[in-house]
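Starting from 1, each residue takes its place in the sequence as its number.
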Amino acid sequence: KAKLFLSKLGLKAQDLPVRLLSRLQSLERWDLSGNGLQELPRGLELPELRFLDLSDNQMEDVTTLDSLTGLEELKMEDNIYITVSDNYKLMVLLPKLRIYNGKDISITANNMRFTYSSNLQHRMIAVWEKSFCLPDPITPGKMSALEKEFVNTVRDQVKFGPNSISDFTKWRVSLRLLKMRAFFSLNVTSPVKRKQKASLDLSNIRLTPLKKSRADLPASPAELTPRKSSRFQLTPQKSQITTSASRSSPRKTAQPSSTPVKGQSELAERPRRGSREDRQDKQSIGTSKKDVKATKLQKEIGLVPKIKSYKTQVGCKPVCLKPHHVLQCHSKQDSPDDFTTQLWACAFQPPLDHRHDGVGGSRLVATCGGDSLCLIDCETGMVMKKYKVSGEEFFSLAWSTVLMSREGGASARLCSILAAGGKRGLVKLIHPRNNIAYGEFRASRKALSVLHFNPRQGTFLFTGSYDNKITMWDIGGVDSQYNFKVNQLLALDVSSTPLHICLPPASPNTHLLAACEDGLHCYNTQLGTSTTKRSKEMEVTFPIYKEQDKDHDYRTIDGLRFVTDDIVASKSCSQGSIYLWSWSRTKAQQPDRKTREVCAVLLAELQWATTEIPYLSLNTCPGEGYIACGDDKGRLWTYHVTNLQGTFQAGKPIPPTEVLEWPNPVSRGQVDGPSINSVAVDPELCYLVALSDKNMVVVWKRVDSS
């Protein structure tokens, strides 16, 4: 095999002579790593080139690789300007590419080359059929004007996927429009006898190479052929349900078990001095040189869910959700046999202001568990980024948007960042778009249980920790060199471990609700007063507290979210139901002088699972009035709350709108329903993501119920 090594020579594009290099007709492997390349020279003709290493360069324009059509493996790590859109462009430009940064991308690449292209085609046809028709009579001038108007309309209206791939979508639309010019030229000479809309035929217009026969597709038996998925050993594991649990210690264990177990004091241990995680070096979180093995549990017959439908008194027609992907992407040593790592938190990336070109959109979800944090594209099921810290166990994460200053006097721009924390008490700050973990700071000497950003003040971060504290930080923006400064603003005294933090949507700068091991506490967080250490303003109590016995006091609030600006959904461990209550009416009450307690003003009670397993959190989609909560059997209880009429009736919980059964993913054996620790719903209710205590991420997708 002919090989050429030009690594670490400081090369630029102008240092690569096209005519000379194109004479290397038998070259199969080319190493250009560690140079300063921003692009490759166009027009390279290397028909036998199969492997190219462009890692550790400054690549910006990936379209310059379009002539290397025989390329099968490409390495692009440590190119900080490469975006998600660029990754997808490469899959389309290089029709034989199947290994990207050491990972088999055959399924995703074929999806982008064909399925995605078909979707765009249908959307373009829909624009034509809705708003355009051929002129009568047809003249060159009218066709030219029609072409211009249609092109502008398509570019403006045809959108598909999240903002993170908007550049890729525009690029594909533009290329497809170039191919369409023949349609307008052809119809200049074709008389039209009817004034009805002409059908726009794009079947012969191809952006990508012709579809190859099945035998020519890149080989990937483990992913392309679900029933040949023999490399994982999926043995059923019964979840041992504990009937009681002590509330005196952290809920998340350093050695994950099949269900959440408290009492493991290792979480509170202080990290060893001088460990690698204590250094604030800038770590890459792109697709690493080590394979990011996101093992998809294939969708065989057992993946089709059984849906129990109920007549609901709180909703309308149920949202139809189908299982879309099941992934194992947090495994220890990337082992497909790891069914013990517990996954704890997930959140969808919020969109950036449309005026700024950055990563965003509702398809990208962040998940954490074990020593890793993953960013998953919910549509493709592809792990876009993975970040690992040896010895860490991540318990919580949160997204926000901050300003990043730029060099040369350019105006600052918004960028989406991710904060994550866990056992070590450190908050990691990550800029996913540039594949960099740009810093960290110590928030506590003990483990962090929850992170939450203020949606109106994107730099204000709240951290909850196992030393019974909630701290408010200002993490500031970042400059072009990723310098940042963290300031502590407030310290809130909590009487137990905080599990969830919520800020009222109408007053996020003045109040905070903390769901804790011993109840639901409210705090005044308004800045400007002299004191920076504060105690609770009041405690919200619930009717379930009256049923306290020697085994249950029902004060562990393990679920808390706002459904609307005023309606709150919350639940207690072992309660068997979910309360909906009014924040404004509850807050308007006068707290008891001694206990500072007020009774929640209940609006409804929703039926939920009967289980003793703690810390199965709920989530909501406020824009859709949607609530979802998993149970200890892998099921998802969903509620579509659109109308709350009448008065609350104790003891008469309202049935769920739907209960989605565990999809039963299968490889060699069936995986029984695990406990669903966390749920996330994107703002448009297109995707629902559920995290289990058996190292599985389940992505559900909304489909047309018809």
Side-chain angles (χ1 to χ4, degrees), residues 1-79 81-82 86-114 117 171 175 179 206-224 286-292:
K1 295 182 179 180
K3 303 177 183 179
L4 179 60
F5 296 94
L6 297 176
S7 178
K8 299 179 181 178
L9 297 176
L11 299 176
K12 306 289 185 182
Q14 57 267 29
D15 299 322
L16 302 175
V18 174
R19 293 183 62 182
L20 179 61
L21 290 169
S22 295
R23 296 176 63 181
L24 304 176
Q25 294 292 293
S26 60
L27 181 64
E28 293 187 29
R29 298 179 67 88
W30 192 6
D31 186 351
L32 282 168
S33 62
N35 287 294
L37 295 170
Q38 295 179 325
E39 61 181 11
L40 283 186
R42 294 186 180 274
L44 282 171
E45 296 180 7
L46 300 169
E48 297 301 318
L49 188 66
R50 297 294 179 264
F51 172 88
L52 177 61
D53 188 350
L54 285 170
S55 57
D56 194 19
N57 276 279
Q58 299 176 28
M59 291 293 294
E60 294 184 18
D61 187 0
V62 298
T63 62
T64 56
L65 278 69
D66 62 346
S67 63
L68 306 177
T69 54
L71 207 59
E72 297 177 358
E73 182 172 356
L74 176 64
K75 300 185 73 173
M76 293 279 285
E77 298 115 334
D78 302 325
N79 283 274
Y81 302 113
I82 297 299
D86 292 326
N87 293 335
Y88 286 142
K89 287 179 184 179
L90 288 168
M91 295 178 193
V92 173
L93 290 168
L94 306 175
K96 295 184 179 180
L97 186 67
R98 59 185 182 84
I99 305 295
Y100 184 61
N101 291 337
K103 180 178 180 180
D104 191 332
I105 59 165
S106 301
I107 290 180
T108 301
N110 285 327
N111 180 61
M112 302 311 294
R113 292 164 187 156
F114 308 123
S117 176
W171 174 74
L175 287 182
K179 302 284 185 179
R206 299 186 183 275
L207 174 62
T208 58
L210 293 175
K211 253 187 182 177
K212 295 178 278 188
S213 65
R214 184 176 298 275
D216 293 330
L217 288 173
S220 179
E223 293 188 311
L224 287 178
T287 315
S288 62
K289 295 181 180 178
K290 192 174 180 180
D291 287 356
V292 177

Mind listing the closest non-hydrogen atom pair of [X] and [Y] along with its distance?
| X | Y | answer |
| --- | --- | --- |
| A2 | S26 | CB-O, 3.2 Å |
| Q25 | E48 | O-CG, 3.1 Å |
| A109 | L97 | CB-O, 4.3 Å |
| G34 | N57 | N-ND2, 3.9 Å |

Report task. Could you tell me whether E72 and R50 have a side-chain N and a carboxylate O separated by less than 4.0 Å? Result ->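 Yes, this pair counts.
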Query raised in the report: Are R42 and D61 close enough for a salt bridge, meaning some N to O gap below 4.0 Å?
Result: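 Yes, charged N to carboxylate O under 4.0 Å.
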Measuring from atom [atom1] of [X] to atom [atom2] of [Y], what distance do you get when rounded to the nearest 0.5 angstrom?
| X | Y | atom1 | atom2 | answer |
| --- | --- | --- | --- | --- |
| L52 | L44 | CG | CG | 9.5 Å |
| L54 | E39 | CG | CD | 12.0 Å |
| L32 | D56 | CG | CG | 12.0 Å |
| L65 | M76 | CG | CE | 6.5 Å |
| Y100 | L90 | OH | CG | 5.0 Å |
| L71 | L94 | CG | CG | 5.5 Å |

Query raised in the report: When you look at L46 and L24, which way does the side chain to side chain contact (heavy atoms under 4.5 Å, CB included) test go after all the steps?
Result: CA-CA 7 Å; L46 300 169; L24 304 176; 4.3 Å; yes
Query raised in the report: Checking side chain to side chain contact (heavy atoms under 4.5 Å, CB included) for the pair W30/L49: CA distance, chi angles, key distance, verdict?
Result: CA-CA 8 Å; W30 192 6; L49 188 66; 3.8 Å; yes
Report task. Verify side chain to side chain contact (heavy atoms under 4.5 Å, CB included) between K75 and F51, making sure each step is shown before the conclusion. Result -> CA-CA 8 Å; K75 300 185 73 173; F51 172 88; 3.8 Å; yes
Looking at [X] and [Y], would you say the former's side chain and the latter's main chain have a donor-acceptor pair under 3.5 Å?
| X | Y | answer |
| --- | --- | --- |
| D15 | L11 | no |
| S22 | E45 | yes |
| S55 | E77 | no |

Requested in this report: Kindly indicate, with the supporting measurements, whether the criterion side chain to side chain contact (heavy atoms under 4.5 Å, CB included) is fulfilled by L40 and L68.
Outcome: CA-CA 11 Å; L40 283 186; L68 306 177; 4.0 Å; yes
Requested in this report: Ignoring hydrogens and angles, state whether a donor on the side chain of S7 or S33 is under 3.5 Å from an acceptor on the partner side chain.
Outcome: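 S7 vs S33: donor-acceptor pair found between side chains.
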Requested in this report: Could you point out which residue of N35, D78, L37 forms a side-chain contact (heavy atoms from CB on, under 4.5 Å) with M59?
Outcome: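 Answer after filtering N35, D78, L37: L37.
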